[in-house]
Every structure is written in structure tokens, then in C-alpha cells.
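Hydrogens, waters and symmetry mates are skipped; everything else that's a heavy atom, side chains included, is used. Since the structure is predicted, the reported quantities are computational estimates derived from the model, not experimental observations.
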Amino acid sequence: MLTPQALERRIAGWPRAALDVPLAVGFTVVALLLGQERPPVGWRALDTGGLVLTVVTNMLLAGRRRMPVTVFTAICALSLVHVAAGYWPVIQTAAAMLALYTVAAARPPRTTGLCAGGLVALWVVSGLSNSHSDMGTVAAQSVVTPAALWWFGNAARRLARRNAQLSAVTEELRRERDGNARRAVAEERVRIARELHDVVAHHMSVISVQAGLAHYVFTTDPDTARQALGTISGTSGEALEELRRLLAVLRVGPEGAGDGGGDDGAYRPAPGLDRLEETAERVRAAGVPVTLEIVGERPRLPPGPDLCAYRVVQEALTNVIKHARPAAATVRVEFRPHQLTVRVTDDGGRRVPANPGPSDGHGLIGMRERARIYGGTLAAGPRDHGGFEVRLTLPLQPAAGSPSAAGAARERDGPGHDGKR
């Protein structure tokens, strides 16, 4: 047995035109019941022919949505035959009114006006056909009723058109929202993949080298093996910390509530250039001498460019470990008023050539993507005198309140301007 809710859903799924058949049957039943009453003076009661004519006229409403003008014209023509035969015209009035409303709801006002004029003419002819009719009442009904049907039908047509436009706009917005969501997910996947690559590639390269060294000198040089194992422990701990931070970002829900449960270590700030010394120590422990050169006064960098520069240095040193050992590397960081330049060079070693091209692997691609995000450039390639060079250039805006920002303001405002009014 169907519940009322299930019946309502089933009916809502039907085509709207399918509901016109029960409606036409209902109008037919009402017209036949009305025809059983005694007609006013001057009109004849329904006989067999009148009953057939009434049924045919009202059942035409079943096609009112598919052919509104045709159905209205046919109903008016049959109603005119009904009046000419002397039957009471009120019996067919409801069908004609509904047909006119359908025309107004589905067709332009000009077509509706012509149909309304036809209904007015039909009612005037019906009034003139009976000498007992009150022509004042007939005239008022012939003007007011079609005008009201025209107004309501036209309002329904405008509302349906507006709803269709809103539905189209809503669907377009939904598609745009879904597209934006897909693009956001893809960008986030690329970002996370880049972060994971940087963390895993660098730390695992150091761990691999140290593990090989510890295995090689495990019995002959226990102190060196112990030092290598200590480097492995520290490097793996830092890698786990950074991986935990990335995974914590994935666990955070839409309202910032993750299932990590207060693990403050997972939310530590992302690494930056202040950790270059730690990275250099790990690379030195892997057998690559690293020289750090810091030029200029370091400003307060935004987190994005700071992380970008750190990851470029990390990836470049990782490539030295993997592709250029034995080699010596130099990291030179230059802080300028509106620019940050990072250069990572190596002497390349004579037996193992440097990475032959800037397009090999995903590391250099990731570095270029990072630089492009912050409006910078990255160049990478072999050096003329051997080895390899990675050069990152990032535009910087001085942080508000920093000395460089104050100096830029004094330079912009001119000498002698103290900023006070």
C-alpha cells in the first residue's frame, strides 16, 4: 500500500500533461451534473445529443497543454453549437475558461488577446440567443472574466519563464561550483604531492647514504657507524615530523576540527630559511661539503616565499647527493630590498656528471612551480666550468613594520619626511 508521501513523489514524477486527463474527466463530471439541473427560462434540458456534446467538449481539455490554441478553438466551436442547439451555455463555461487560462499561460499576450476576444464574442452571442438574458450582466461577465483569466495566465507564464531561467542559472552555478571544487582538489593534490616529494626525497637520500656508510664501517669503525646511525635517527625524526604536519592538514575538517586530538607538534610552522643550517648539517653528514653564504640583512619573510626558498635549497642539495657525489656544494642567499636570490652550486665531481638537463625528473618541475606561484623564476642547468647551478629569484614585499619597510617608505616620501602630519 502506498503511503501519502510515496504517492506524492510518484505523482511529482509524472509528466504534467498526464495530469490533464483526470482534470478533463473531473470537468466532464461537473458539467454533466450541472446539466441535470433545471435550466433557466428559454433554455432546453440536456438530451442524448446534449450529453454527448458536453462530454466531447470537456474531454478536449486532456490536450490543453500540448495544443492550447487548438483546444481552445475547438471548445469555443462546440460551445457555439451547444448554444445554437438551445442548451444552457453555462454548462460549457468552465471548460472554455480553463482553455483560455491555458492559452494565456503558454502563449504570448497577442495570441491570448485574440482568444479572449473569441470568448467574449461567444458569451455575447449566448446572451443574445435568449431574450430572457440580462445583457448588462452578460456584458460585464464577458469583459471581466476573460480579462482576469488573461492576467492570471500571463502572470503564470512569466513566473514559469523566470523559474526556467533561475533553474538554468542554478545549474550553471552548480557546474561551476563542481568545476572549482575539482580544480581545488587537483591543486591541493599537486601541492601535497610536491611537499611529500620534497620531504621524502631529501630525507631518504640522507638516510640511504648514512645507512650505507654505517653498514660499510659497522665492524671496522664503530664510532663512524654510531655517528651515521645518529644522523639517520635525527633525519628520520624530522621527516616524520613534517609528514605528520602534512597529514594533520588532511585530517582537519571543514570547521578546523581534526581527529588528531591536540597534537601540537603536527601544527608547527612550516620550515623556512632559518633551518638552512640544519639541512646543511644533514647533507654534510651524507658526505657532501656544504658552504652557506648569507648576504644582506634578512627581512621578515612571508611564510609562502620563505617555504619556497627553503624547499628549493633542500631539493637542490638532494640532487647533489643523488647525482653529483662526490662534490662540494655552495648555498648563497642574497637578501635585497625587494628581491630574494638563492643560488645552489656544486663542482660536479669529475667522475659523476651533473644532472644533464633542467627537465629531468619531477624535482626541478616542482621547484619551477613553486617559483611561479610566488611570481619568481627558477633557472637550472650545467655550469660552464663544470657542475650544476640552481638559481631562484623571488620578488619580495617588505613586511609591515620591518626596518626595510620603513626605509622604503622614507625613500618613497623623500628626505626630511617623518611620516607625521
(request) Check the pair Gln314 / Arg282 against side chain to side chain contact (heavy atoms under 4.5 Å, CB included), numbers first and verdict last. (result) CA-CA 10 Å; Gln314 187 183 55; Arg282 285 197 303 269; 4.2 Å; yes
Review item, side-chain donor-acceptor pairs of residues 106-116, under 3.5 Å, at least two apart:
from: Thr112; atom 1: OG1; to: Pro108; atom 2: O; distance (Å): 3.1

(request) May I have all residue pairs that pass salt bridge (charged side-chain N to carboxylate O under 4.0 Å, His left out) and include part of residues 148-167, sequence neighbours excluded? (result) none
(message) Can you tell me which residue among Thr73, Val83, Val56 is in a side chain to side chain contact (heavy atoms under 4.5 Å, CB included) with Leu78?
(response) Val56
(message) Test of understanding: with salt bridge (charged side-chain N to carboxylate O under 4.0 Å, His left out), list the residues that count as partners of Arg332, not counting sequence neighbours.
(response) Glu293, Glu334
(message) Taking side chain to side chain donor-acceptor pair (under 3.5 Å) as the definition, give me every residue that meets it alongside Asn163, ordered by chain and number, with sequence neighbours left out.
(response) none
Under 3.5 Å, which donor-acceptor pairs do the side chains of residues 42-53 form with other protein atoms, sequence neighbours left out?
from: Arg44; atom 1: NH1; to: Ala85; atom 2: O; distance (Å): 3.0
from: Arg44; atom 1: NH2; to: Asp47; atom 2: OD2; distance (Å): 2.6
from: Asp47; atom 1: OD1; to: Gly49; atom 2: N; distance (Å): 3.3
from: Asp47; atom 1: OD1; to: Gly50; atom 2: N; distance (Å): 2.9
from: Asp47; atom 1: OD1; to: Tyr87; atom 2: OH; distance (Å): 2.4
from: Asp47; atom 1: OD2; to: Tyr87; atom 2: OH; distance (Å): 3.2

(request) Mark yes or no for whether Arg383, through its side chain, and Asp346, through its backbone, hold a donor-acceptor pair below 3.5 Å. (result) yes
(request) Evaluate the criterion salt bridge (charged side-chain N to carboxylate O under 4.0 Å, His left out) for residue pair Glu315 and Arg311; output intermediate values, then yes/no. (result) CA-CA 6 Å; Glu315 177 66 23; Arg311 291 302 191 197; over 6 Å; no
(message) According to salt bridge (charged side-chain N to carboxylate O under 4.0 Å, His left out), who are the partners of Glu176, at least two apart in sequence or on a separate chain?
(response) none
(request) Take atom CZ of Arg38 as the centre, draw a 6.0 Å sphere, and report whether it contains more than 12 heavy atoms from other residues, nucleotides or ligands. (result) no
Side-chain donor-acceptor pairs under 3.5 Å in residues 91-100, sequence neighbours left out?
from: Gln92; atom 1: OE1; to: Asn58; atom 2: ND2; distance (Å): 3.3
from: Gln92; atom 1: NE2; to: His82; atom 2: ND1; distance (Å): 3.3
from: Thr93; atom 1: OG1; to: Pro89; atom 2: O; distance (Å): 3.1
from: Thr93; atom 1: OG1; to: Val90; atom 2: O; distance (Å): 3.4

(request) Using the test side chain to side chain donor-acceptor pair (under 3.5 Å), find all partners of Ser79 that sit at least two apart in sequence or belong to another chain. (result) none
(message) If you count every heavy atom of other residues, nucleotides or ligands that lies below 6.0 Å from Arg284 atom CZ, does the total exceed 12?
(response) yes
(request) Hey, could you give me the CG/CG distance between Asp20 and Leu61, rounded to the nearest 0.5 Å? (result) 8.0 Å
(message) Here's a test for you: under side chain to side chain contact (heavy atoms under 4.5 Å, CB included), which of Thr341, Val295, Leu301 qualifies with Phe335?
(response) Leu301
(message) Measuring from atom CD of Glu278 to atom OH of Tyr310, what distance do you get when rounded to the nearest 0.5 angstrom?
(response) 7.0 Å
(request) Please list, chain by chain and in numerical order, all residues satisfying side chain to side chain donor-acceptor pair (under 3.5 Å) with Asp384, sequence neighbours excluded. (result) none
(message) Applying side chain to side chain donor-acceptor pair (under 3.5 Å), can you list everything that pairs with Thr137, at least two apart in sequence or on another chain?
(response) Asp134
(message) Could you work out, with side-chain contact (heavy atoms from CB on, under 4.5 Å) as the rule, every residue matching Val331, not counting sequence neighbours?
(response) Val290, Leu292, Val313, Leu317, Val333, Val344
(message) With rounding to the nearest 0.5 angstrom, report the OG to CG distance, Ser142 to Leu122.
(response) 8.5 Å
(request) Please determine if Arg174 and Asp178 form a salt bridge, counting it only when a charged side-chain N lies under 4.0 Å from a carboxylate O. (result) yes
(request) With sequence neighbours left out, write down each residue that passes salt bridge (charged side-chain N to carboxylate O under 4.0 Å, His left out) with Arg177, or none if nothing qualifies. (result) none
(message) Using a 3.5 Å distance criterion without hydrogens, assess whether the side chain of Asp347 forms a donor-acceptor pair with backbone atoms of Ala328.
(response) yes
